[in-house]
2 protein chains.
Amino acid sequence: MRNEVYQYGCPVEATLDVIGGKWKGVILYKLLEQPRRFSELKRELPTITQRMLTLQLRELEEDGIVHREIYKEIPPRVEYSLTDFGKTLKPILLAMLTWGDQYTNQIITRKSAQATTSASIAESARR
Amino acid sequence: MRNEVYQYGCPVEATLDVIGGKWKGVILYKLLEQPRRFSELKRELPTITQRMLTLQLRELEEDGIVHREIYKEIPPRVEYSLTDFGKTLKPILLAMLTWGDQYTNQIITRKSAQATTSASIAESARR
DNA sequence: CAGTATCCCGTGTGATACTG
DNA sequence: CAGTATCACACGGGATACTG
């Protein structure tokens with residue numbers, strides 16, 4: 001997805017290439033509210049690894065979505081914020097937020113049902 | 001992403017879990033216009049493999065986003081369309097479409113620049 | 001036409017340890 | 001605090017061949 005000839009079949013594809021990373025949605029959502037320090041993000045996303053947080057932030061930075069401000073202090077402080085370009089994503093993020101809010105439960109229910117179904121299928125196949 | 005405990009850190013995550021697949025954006029975009037046959041989709045997405053098209057459609061179907069209508073004919077005909085639930089994604093897809101339309105070029109430019117940069121870095125590292 | 005079935009490889013991601 | 005550096009591996013995804 002990342003290292004290829006950058007030609008998209010449709011605009012939606014391009015958009016998803018930018019915000020579609022595993023953690024990017026949540027990160028952007030957090031940064032939408034306000035800038036955050038690295039450690040803040042880490043704390044608010046308990047299940048992300050440090051490595052992944054760094055990588056995803058770097059990609060967003062390379063795509064011009066987030067800005068990385070380094071304060072030369074000891075101990076070091078780094079603050080991430082949305083660039084003006086990044087802020088243009090706001091309508092999309094809000095739309096996803098609204099949708100998610102309304103339908104997350106439905107999705108979870110459905111996926112759990114699938115999980116148990118596949119589990120029982122796998123089980124019966126084992127007999 | 002797919003086979004885990006379905007608990008999301010934020011609603012945006014849930015949304016991306018549903019529409020974030022590699023080809024789902026484009027597929028949904030096509031189905032937004034009108035229902036399509038399998039072969040139509042295949043034709044309109046020249047670079048997708050048959051296997052991937054099937055898999056992504058199945059996932060969308062399992063998530064209740066698309067409906068699969070089988071016409072018992074010979075030769076077989078299968079038509080995919082958005083369910084009512086799938087249509088609730090419309091605002092998101094349109095937002096992504098708009099954004100992509102406006103900024104795809106910018107993204108491509110930036111990514112190409114990165115690509116050449118990393119290429120030259122890789123090259124100089126080789127020496 | 002609309003799919004399965006295999007095989008197989010790349011890379012995305014996690015775990016862990018180290019550092020300016 | 002805010003990162004790199006490695007290792008190790010599952011899984012997403014491509015290529016190809018077969019089928020009702």
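Lettering of chains follows the sequences in order, A, B, ..., and the numbering in each one begins at 1. Only heavy atoms go into these numbers, but all of them, side chains included; no hydrogens, no water, no symmetry mates.
Here the P atom of nucleotide D/dA2 and the CZ atom of A/Phe38 are 8 Å apart, to the nearest Å. To the nearest angstrom, P of D/dC1 lies 19 Å from NZ of A/Lys72. Computed from coordinates, the B/Glu73 CD to D/dG20 C1' distance equals 15 Å when rounded to whole Å. When rounded to the nearest whole Å, the span between CD of B/Glu40 and C1' of C/dG3 equals 16 Å. For A/Trp23 and C/dT13, the CH2 to C1' distance is 10 Å, given to the nearest whole Å. Separating the CD atom of B/Glu69 from the P atom of C/dA2 is a distance of 13 Å, rounded to the nearest angstrom. Atom CG of B/Leu45 and atom C1' of D/dG13 are 15 Å apart (whole Å). The interatomic distance linking A/Leu57 (CG) with D/dC1 (C1') rounds to 14 Å, in whole Å.
Taking only side-chain atoms of A/Pro76, from C-beta outward, the nucleotide of C/dT13, C/dC1, C/dG20 with the closest atom is C/dG20. Looking at the side chain of A/Arg68, the nearest of the listed nucleotides D/dA2, D/dG3, C/dG3 is D/dG3.
Remark: B/Arg37 is in phosphate contact with C/dA2, judged by side-chain N or O atoms under 4.0 Å from OP1 or OP2. Between B/Arg58 and C/dT4, a side-chain N or O to OP1/OP2 separation shorter than 4.0 Å is present. Remark: B/Lys22 is in phosphate contact with D/dG14, judged by side-chain N or O atoms under 4.0 Å from OP1 or OP2.
Under the side chain to side chain donor-acceptor pair (under 3.5 Å) test applied with B/Tyr80, the options B/Arg36, B/Lys30, B/Arg68 reduce to a single match, B/Arg68.
Contact record, B/Val66 with B/Leu57: CG2-O, 3.9 Å, taken as the closest heavy-atom pair. Nearest heavy-atom pair across A/Glu13 and A/Tyr8 is OE1-C, 3.8 Å.
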Paired and unpaired positions of DNA chain D as dot-bracket, Watson-Crick or G-U wobble under 3.5 Å, | denoting a partner strand: ||||||||||||||||||||
Verdict with reasoning, B/Lys24 to B/Ile65, per side-chain contact (heavy atoms from CB on, under 4.5 Å): CA-CA 11 Å; B/Lys24 290 182 185 174; B/Ile65 305 296; over 6 Å; no
side-chain contact (heavy atoms from CB on, under 4.5 Å) assessment of B/Ile107 paired with A/Phe85: CA-CA 11 Å; B/Ile107 292 291; A/Phe85 183 39; 4.0 Å; yes
side-chain contact (heavy atoms from CB on, under 4.5 Å) evaluation trace for B/Trp23 with B/Leu53: CA-CA 8 Å; B/Trp23 303 95; B/Leu53 182 53; over 6 Å; no
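Between A/Ile19 and A/Met96 the shortest side-chain heavy-atom distance falls below 4.5 Å.
B/Tyr80 comes within contact range of the sugar-phosphate backbone alone, with a heavy-atom separation under 4.0 Å but no base atom that close. Within the 4.0 angstrom heavy-atom criterion, no nucleotide atom of any strand lies near B/Arg43.
Taking hydrophobic clusters as Ile, Leu, Val, Met, Phe, Trp and Tyr residues chained together by side-chain heavy-atom distances below 4.5 Å, B/Leu41 does not share a cluster with B/Tyr71.
Residues passing the side chain to side chain contact (heavy atoms under 4.5 Å, CB included) test with A/Arg51, sequence neighbours excluded: A/Thr49, A/Leu55.
A heavy atom closer than 4.0 Å to some atom of DNA chain C occurs in B/Gln50, B/Arg51, B/Thr54, these being the qualifying members of residues 46-56 of chain B.
With values rounded to the nearest 0.5 angstrom, A/Asp17 atom CG is found 4.5 Å from B/Lys111 atom NZ.
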